[in-house]
Amino acid sequence: MSSKPALITDPDIILGYLTDASNTHGRAEALAVPADVDALAATLRWAQDRGMPVTVTARRTGTTGAAVPDGGLLLSTERLSQVEAPDIVGGGALLGPHQDTLEAAGQHFPPDPTSRYECSVGGAIVCNASGARSFRYGATRGWIDWVDVVLPTGERLERVSRDTPLPAGWPRLRWAEPPVKTAAGYAPADNLLDLLIGSEGTLGVITRAGLRLRPAPAGVLTMLAFFPDLETTLRFVDQARSGADRARAPRPKPGPLNPRAIEYFDPNALEMIRARVDLPAGATDALLLEVEHEGEAPLDRWFEALVEGGALAEHTVVAEDEQGQRRLAAIRHALPAGTNERVVANRMPKVGTDFAVPDAALAEMMAEYRAVTLPHVCFGHIGDNHLHLNLLPRDATELAEARSTYRRLAERAVALGGTVSAEHGIGKLKRALLAHQVGPETLGAFAALKAAADPAWILGRGTLLEPPPAPGGAV
Amino acid sequence: MKIGVCLKQVPATDSPIKVKDAVSGVDLAAVKMVINPYDEFALEEALKLKDAGIATQVIVYTVGPADADARLKDAVARGADILVRIDDPGLAAADSLGFAKALAAAAKADGVGLILAGKQAVDTDNAQVPAMIAELLGWAQATECDKLEVAGGGFKAWVAAGGGTRDVLQGSLPAVISTDKGINSPRSPNIKGVMASKKAPVAVKDLAALGLSAGDVAAKVSLKAWGAPPPRPAGRILQGAPAQVAKELVGLLRSEAKVI
């Protein structure tokens, strides 16, 4: 039997690890904060010997409860935060600060989740995190070359890459992921790296990662463009992305408009930012556009396109330098902050969507969102047809209505060929939606994979899949 | 009324600052330059007064080399009317008083009735130039203003008075007001403004054009040496059982840090 690892059992310390950004609360009997990979692997072996549930916890910025434990042991990666080289970092290293260091040296690691200054690299990998710039660069998956991982059994694997086959006995998943940005379910991958990416802490613990870097762009132009109605806005989205070099449709020779991100603000979102920006009369919707460029910013080209596209073009707010871009970022970040203020004022949780649909279904999905009569605010990654509709119920009746609206919209997104989660993942909160999206056969294949990888089913119990009864095991 | 705005180009506050050596100062080669954030408040306040019809023209002044033009053009993109850059070899080694003399002469020559400037520049943090301009011109002044009203040839300025309190100063124009955080939220330029700003001319004036000589602006303050602040000593993490660690911490706060 393995020897007992150093465990923290002080409930006051554990308390700080029992929740994530989903605001759900869990319970755990003990916390391990291993100082190195040896200690981490020994902890997992010890738990495996006892059949003790283990929940990996990094920085707890997830919104779906994947890091919220349901008893057992919490295993924190926070001390594995070493930066060995610009492209080699520990799983517990913070993402945003490392990206800043890279940028200062002219390099770029593109994934830009909103939580990047709070989240860990390992967390971003197992959540396959993405953000606005995923339109151009795709999610985290495309920017990871290899990882070191400790499997649920405590087995250590180093430099797991796309050349690494699945371990013996792990079934190869074959299911058709929807053709959209998605973070729902295990990837149908034939290699271990791609399977681990997006596995939400159920198949292993990422202890080190090899990042793929690219040169930082020479210049970035950011624009906040206003539109007189939704229809004009959507037409412009189609125009802006038709020639774009985007992750889902790479185009080595892009057209004249080649944004790296297209973000959307609905009328309620515009109300929320009214104090921070001069809203032109007649503006109902807005797009935040980011464009990389060499030399002079392509202002004339975009102005012309906005005029032709029917935007309130002259009022487009522009930022060419970091100072201006920070101002626009503050406007963008006022939306989640404003939403949370409403949540506090309402004393009711928000119900937020994370669905994405194919390009052809965007208008239909937007019409569904627009028809919602409950108080709400809608913004997000429209370039990827991926909007966050935040329903803001004011009482219990509206909360019930919001939940049924959410469920109905999720089913609609699936019916349109989309996903129930484009970036936040499934965690513990959206298992039913995942089941609806993939169907019983694929769900069964997920469970068979999980059982092969983790026979005692100790790691990340309750995330993605309904777990079998706990084997038990005391600390 | 014309309003003059003093605008300084400074290193971005998140740029890593390296001292080259004790004599030649800071290495600015790889540093991003931005408008001094406090000057952005001054510019915004001037633009608001223009929007309200109180000012007819906003003239932006800076002292510095041609690479400051990009910052000046940003001001035009937001709505400033005239850009003036004061550039003269005589100013290369000037101190705050020299800069204040140049700026005061330029603003006076243009007939401005109010000068707005940030309360300090975030590079040298001297906070001297606005007050010096006011003294040189014999104008009223209010520094660290976070609320301003201008009407009927006078102004009312809310300024920090220490200890979290504020004074409300009333005075008559012409005046120099230095702006603090909280006075406004600087606007972002719109696309038409940015496109037009690319072609905006910058009037470059040397000391002679301002009726000054190199002797007039010669530094009275001499800089002895440049150096980085001493590195912060590493923190200490106390290990052990919480009760023991708490006891040890209290002991250290008392005996070593002497804060309790």
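Sequence lines set the chain letters: A, B, ... in the order given, protein chains first and strands last, and positions in each chain run from 1.
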NZ/NE/NH1/NH2 to OD/OE distance under 4.0 Å, A/Glu29 and A/Arg27: yes
Residue pair A/Phe265, A/Arg332: steps toward the side chain to side chain contact (heavy atoms under 4.5 Å, CB included) verdict: CA-CA 9 Å; A/Phe265 297 40; A/Arg332 166 72 179 78; 4.1 Å; yes
For A/Ser76, all residues meeting side-chain hydrogen bond (donor to acceptor under 3.5 Å, both in side chains), sequence neighbours excluded: A/Glu78
A/Asp278, part contacting chain B, at a heavy-atom distance under 4.5 Å: neither
Show me the donor-acceptor pairs within less than 3.5 Å that the side chains of residues 296-319 of chain A make with the rest of the protein, sequence neighbours left out.
residue, atom, partner, partner atom, Å
A/Arg301, NH1, A/Pro256, O, 3.0
A/Thr316, OG1, A/Ala313, O, 2.7

Selection residues 64-84 of chain B - residue pairs positive for salt bridge (charged side-chain N to carboxylate O under 4.0 Å, His left out), sequence neighbours left out: B/Glu40-B/Arg78, B/Lys50-B/Asp81, B/Asp69-B/Arg85, B/Asp74-B/Arg78
Contacts of residues 177-202 of chain B with chain A (heavy atom under 4.5 Å): B/Pro186, B/Arg187, B/Ser188, B/Pro189, B/Asn190, B/Ile191, B/Lys192, B/Val194, B/Met195, B/Lys198
Salt-bridge present (A/Arg326, A/Glu322; N to O < 4.0 Å): yes
